[in-house]
Amino acid sequence: MEKSNKRFIKSLGVISLVLLVVSSLLFATLLKNWMNYFFPFVIVYFFLFSSVQHLKLTKAAQGKTRDFHTNYMAWFGIRLFLNLSFVIVYVLLNRTQALSFVLFFAFCYVVYTAYEVSSLSKILRSDNVK
């Protein structure tokens with residue numbers, strides 16, 4: 001595994017751990033009524049999916065530019081479909097905690113996506129890709 005991929009996964013682990021600790025503290029104290037025991041699984045889901053996506057995209061970046069763009073759009077579509085499906089199924093099965101789940105899921109989506117995009121753009125701008 002390349003050095004940049006290892007660094008990405010380590011940083012993603014740190015982000016996940018910080019999110020887990022901060023959300024656990026908030027839900028244990030200030031947001032008791034919004035507590036949902038499914039929250040840690042959301043963090044694990046984003047960690048795993050982001051790791052796989054990053055590894056595949058950095059591998060695609062080593063080839064033709066056209067292939068990278070195709071892979072990026074494919075991963076974006078898959079991610080969007082999975083996230084939307086995940087949220088819809090959860091909301092339909094657990095309407096009482098739907099709002100807290102959707103807000104937490106959206107927050108995690110923004111955090112992980114912002115980190116992925118910044119990390120991927122940094123790698124693509126460097127000369128280490130090819």
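Atoms considered below: every heavy atom in the structure, side chains included; atoms not considered: hydrogens, waters and symmetry mates.
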Undergrad: side-chain contact (heavy atoms from CB on, under 4.5 Å) between Phe107 and Ser23: does it pass, once the steps are laid out?
TA: CA-CA 11 Å; Phe107 178 75; Ser23 62; over 6 Å; no
Undergrad: Could you tell me the separation between the CD1 atom of Ile9 and the NE2 atom of His54, rounded to the nearest 0.5 Å?
TA: 7.5 Å
Undergrad: Where the side chain of Ser119 meets the backbone of Glu116, is there a donor-acceptor pair that is under 3.5 Å apart?
TA: no
Undergrad: For Phe47, does its backbone N or O pair with a side-chain atom of Ser50 as donor and acceptor, under 3.5 Å?
TA: no
Undergrad: What distance separates Phe49 CZ from Ile78 CD1, expressed to the nearest 0.5 Å?
TA: 6.5 Å
Undergrad: With rounding to the nearest 0.5 Å, note down the distance linking CD in Gln53 to NZ in Lys56.
TA: 12.0 Å
Undergrad: Can you tell me how far apart CG (Leu93) and CD1 (Ile88) are? Round to the nearest 0.5 Å.
TA: 11.5 Å
Undergrad: Should Leu103 and Val22 be counted in the same cluster of Ile, Leu, Val, Met, Phe, Trp and Tyr side chains packed under 4.5 Å apart?
TA: yes
Undergrad: Is it the case that Arg125 and Ser121 place a side-chain donor and acceptor less than 3.5 Å from each other?
TA: yes
Undergrad: Quick one: do Leu30 and Phe27 end up in the same hydrophobic cluster if we chain Ile, Leu, Val, Met, Phe, Trp and Tyr together by side-chain heavy atoms under 4.5 Å apart?
TA: yes
Undergrad: Begin from the C-alpha positions of Lys10 and Val14 and carry the test side-chain contact (heavy atoms from CB on, under 4.5 Å) through to its verdict.
TA: CA-CA 6 Å; Lys10 284 181 185 177; Val14 169; 5.7 Å; no
Undergrad: Begin from the C-alpha positions of Tyr112 and Ser16 and carry the test side-chain contact (heavy atoms from CB on, under 4.5 Å) through to its verdict.
TA: CA-CA 9 Å; Tyr112 281 93; Ser16 300; 2.5 Å; yes
Undergrad: Rounded to the nearest 0.5 Å, what's the gap from CG on Leu12 to CG on Leu17? Could you check?
TA: 11.5 Å
Undergrad: In the structure I gave you, are the side-chain heavy atoms of Phe39 and Ser24 within less than 4.5 Å of one another anywhere?
TA: no
Undergrad: With a sphere of 6.0 Å drawn around OH of Tyr72, does it hold more than 12 non-hydrogen atoms of other residues, nucleotides or ligands?
TA: no
Undergrad: Does CZ belonging to Phe38 count more than 12 external heavy atoms closer than 6.0 Å?
TA: yes
Undergrad: Check step by step if side-chain contact (heavy atoms from CB on, under 4.5 Å) holds for Tyr115 and Leu120.
TA: CA-CA 8 Å; Tyr115 178 68; Leu120 191 59; over 6 Å; no
Undergrad: Has Asn71 got a side-chain atom pairing as donor or acceptor with Asp67's backbone, closer than 3.5 angstrom?
TA: yes
Undergrad: Roughly how far apart are Leu55 CG and Asn5 CG, rounded to 0.5 Å?
TA: 5.0 Å
Undergrad: Measuring only between side-chain heavy atoms, which start at C-beta, is Asn83 closer than 4.5 Å to Phe46?
TA: yes
Undergrad: Is there a donor-acceptor contact under 3.5 Å from the side chain of Thr113 to the main chain of Val110?
TA: no
Undergrad: Out of curiosity, does Ile43 fall in the hydrophobic cluster containing Phe41 (side-chain heavy atoms, cut-off under 4.5 Å, transitive links)?
TA: yes
Undergrad: Which atoms form the tightest heavy-atom contact between Leu25 and Thr29, and what is the distance?
TA: O-OG1, 2.7 Å
Undergrad: Between Phe68 and Ala60, which heavy-atom pair has the shortest distance, and what is it?
TA: CB-O, 3.9 Å
Undergrad: So if you build clusters from Ile, Leu, Val, Met, Phe, Trp, Tyr with side-chain heavy-atom gaps below 4.5 Å, do Leu84 and Val111 land together?
TA: no
Undergrad: Where is the tightest heavy-atom contact between Val42 and Phe105, given as atom of each residue plus distance?
TA: CG1-CD1, 3.7 Å
Undergrad: Compare every heavy atom of Phe8 with every heavy atom of Ser51, then report the nearest pair and how far apart it is.
TA: CA-CE2, 4.3 Å
Undergrad: Can we call the ring centroids of Phe104 and Phe101 under 6.0 Å apart?
TA: no
Undergrad: Give the C-alpha distance, both sets of side-chain angles, the deciding distance and a yes or no for side chain to side chain donor-acceptor pair (under 3.5 Å) between Thr96 and Asn94.
TA: CA-CA 6 Å; Thr96 58; Asn94 195 352; 3.0 Å; yes
